[in-house]
Amino acid sequence: MSRRMRLWLVAVGGAGLAALLVAASLRLPGFGGAHHPYGERAVHESLARRTANTISSVNFDQRAFDTLGEMTILFASVLGTVVLLRRTRDERRDRPAPEDVAVPVRRYALVVLPVAVLTGLYVIAHGQLSPGGGFQGGVVAATALHLLYLGADYRALERIRPVGLYEVGDALASCAYLVLGLAGLLGGTAFLANTLLPYGTFNTLSSGGIVPLLNAAIGMEVTCAVVVLLAGFLDQAVEIEGENGK
């Protein structure tokens, strides 16, 4: 294909996309009004399925298929990072030397670490009840583990961060989300339809049908994905050296 043809394809595609965006914008409800039809419908559906946090109801019920796409993007990003940052033949792994850490920094990091991990797990577990959920809690839990790197050294972080297990956890969590969607098809409903489990009592941990399960799968996937991503970059910066020592 010639360069001119590629430019024409980009121009035609861009013009078509711009036309669709303009047409969609003209049909949007008024900005700043007291009532919003989309918001009202989202809240109504959330309450109908006993999900106290409307955002989680939108993410894992009303548009759970879109969330599958977001999870796939993150999974693909992790996969690409692992492939691009893998060791080459002219690189060798050098064990990092222990670092001297200031006592106040060490104490603060080691005290905050378990609190931060528990906070991340709490945010994941209560995603259908309060602000937060699998995405936010997963990031908190994953980054909290790296306080050990700041408070001790990289070798201590390695002992609680076996990258291979987190890679398996990332894949299993992604599969769990898909399996929950397929279970809906086997049950005679739509893919990722919130009809498999009872909706439970409003504002309890067991409420929301399959929303807590999808939220937990996303929390595990995000936690493992962030750990693997950070491990790839940290390995490049701390452990991997070329033949010339750089």
Side-chain angles (χ1 to χ4, degrees), residues 13 16-17 19-29 35-80 121-139 141 167-226:
L17 179 60
L20 292 175
L21 290 176
V22 170
S25 299
L26 294 176
R27 300 293 298 273
L28 289 174
H35 301 284
H36 195 290
Y38 303 145
E40 293 171 356
R41 292 174 183 175
V43 172
H44 178 270
E45 293 300 322
S46 175
L47 296 178
R49 292 176 171 82
R50 309 292 191 272
T51 308
N53 182 11
T54 303
I55 304 301
S56 289
S57 176
V58 171
N59 288 338
F60 304 112
D61 186 358
Q62 301 171 39
R63 51 173 290 271
F65 190 77
D66 294 340
T67 303
L68 173 62
E70 297 170 2
M71 180 191 69
T72 304
I73 292 173
L74 179 58
F75 184 83
S77 300
V78 174
L79 181 61
L121 296 178
Y122 179 91
V123 172
I124 294 173
H126 291 75
Q128 76 275 16
L129 304 179
S130 57
F135 287 104
Q136 298 85 345
V139 173
E167 291 174 344
V168 172
D170 190 7
L172 288 178
S174 300
C175 291
Y177 197 99
L178 288 171
V179 168
L180 288 170
L182 294 174
L185 293 177
L186 295 177
T189 59
F191 182 71
L192 289 172
N194 190 1
T195 57
L196 294 175
L197 299 175
Y199 297 138
T201 304
F202 182 76
N203 207 27
T204 61
L205 286 176
S206 60
S207 62
I210 66 170
V211 170
L213 299 180
L214 294 176
N215 176 66
I218 288 294
M220 180 179 176
E221 200 273 338
V222 172
T223 301
C224 295
V226 172

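What you are looking at is a predicted structure, and each value in this text was computed from that prediction instead of being measured.
- In Phe65, the CZ atom is not crowded: 12 or fewer heavy atoms of neighbouring residues, nucleotides or ligands sit closer than 6.0 Å.
- Formation of a donor-acceptor pair under 3.5 Å by the Asn215 side chain with backbone atoms of Ala125 is not found in this model.
- Within the model, atoms CD of Glu221 and CG of Leu172 stand 11.0 Å from one another, a figure rounded to the nearest 0.5 Å.
- Atom OH of residue Tyr177 and atom CG of residue Leu213 lie 11.5 Å apart, to the nearest 0.5 angstrom.
- Closest non-hydrogen pair, Asn53 versus Gly132, comes out as ND2-O, 3.9 Å.
- Residue pairs meeting the salt bridge (Lys or Arg N to Asp or Glu O under 4.0 Å) criterion with at least one member in residues 64-76, sequence neighbours excluded, are Arg63-Asp66, Arg63-Glu70.
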Could you pull out all donor-acceptor pairs under 3.5 Å where a side-chain atom in residues 187-194 meets a protein atom, sequence neighbours excluded?
from   : atom 1 : to     : atom 2 : distance (Å)
Thr189 : OG1    : Gly184 : O      : 2.9
Thr189 : OG1    : Thr195 : OG1    : 3.1
Asn194 : OD1    : Ile210 : N      : 3.0
Asn194 : ND2    : Asp61  : OD2    : 3.1
Asn194 : ND2    : Gly208 : O      : 3.1

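- The ring pair (Phe, Tyr, Trp, His ring centres under 6.0 Å) analysis of residues 38-57, with sequence neighbours excluded, yields the pairs His36-Tyr38.
- By the salt bridge (charged side-chain N to carboxylate O under 4.0 Å, His left out) test, Arg41 is found to be paired with no residue, residues two or more places apart in sequence or in another chain being considered.
- Across Pro212, Ser57, Ser46, a single residue satisfies side chain to side chain contact (heavy atoms under 4.5 Å, CB included) together with Gln128, and that is Pro212.
- Here the OG-CG distance, from Ser174 to Leu74, works out to 8.0 Å after rounding to the nearest 0.5 Å.
- Of all the heavy atoms in Ala42 and Val58, the pair that sits closest is CB-CG2, 4.1 Å.
- Listed here is the closest heavy atom pair of Val211 and Ser56: CG1-O, 4.1 Å.
- For Tyr122, the ring-ring contact (aromatic ring centres under 6.0 Å, His included) partners two or more places apart in sequence, or in a different chain, are His126.
- The OG1 atom of Thr223 sits 7.5 Å away from atom CG of Leu121, with the distance rounded to the nearest 0.5 Å.
- Each salt bridge (Lys or Arg N to Asp or Glu O under 4.0 Å) pair with one or both residues in residues 193-202, not counting sequence neighbours, would appear here, but there are none.
- Just one residue in the list Ile218, Thr67, Leu214 forms a side chain to side chain contact (heavy atoms under 4.5 Å, CB included) with Asn59, and that residue is Thr67.
- With a 4.5 Å cut-off on side-chain heavy atoms, Leu129 and Ser207 count as touching.
- Nearest heavy atoms, Phe75 versus Ala171: CE1-CA, 4.0 Å.
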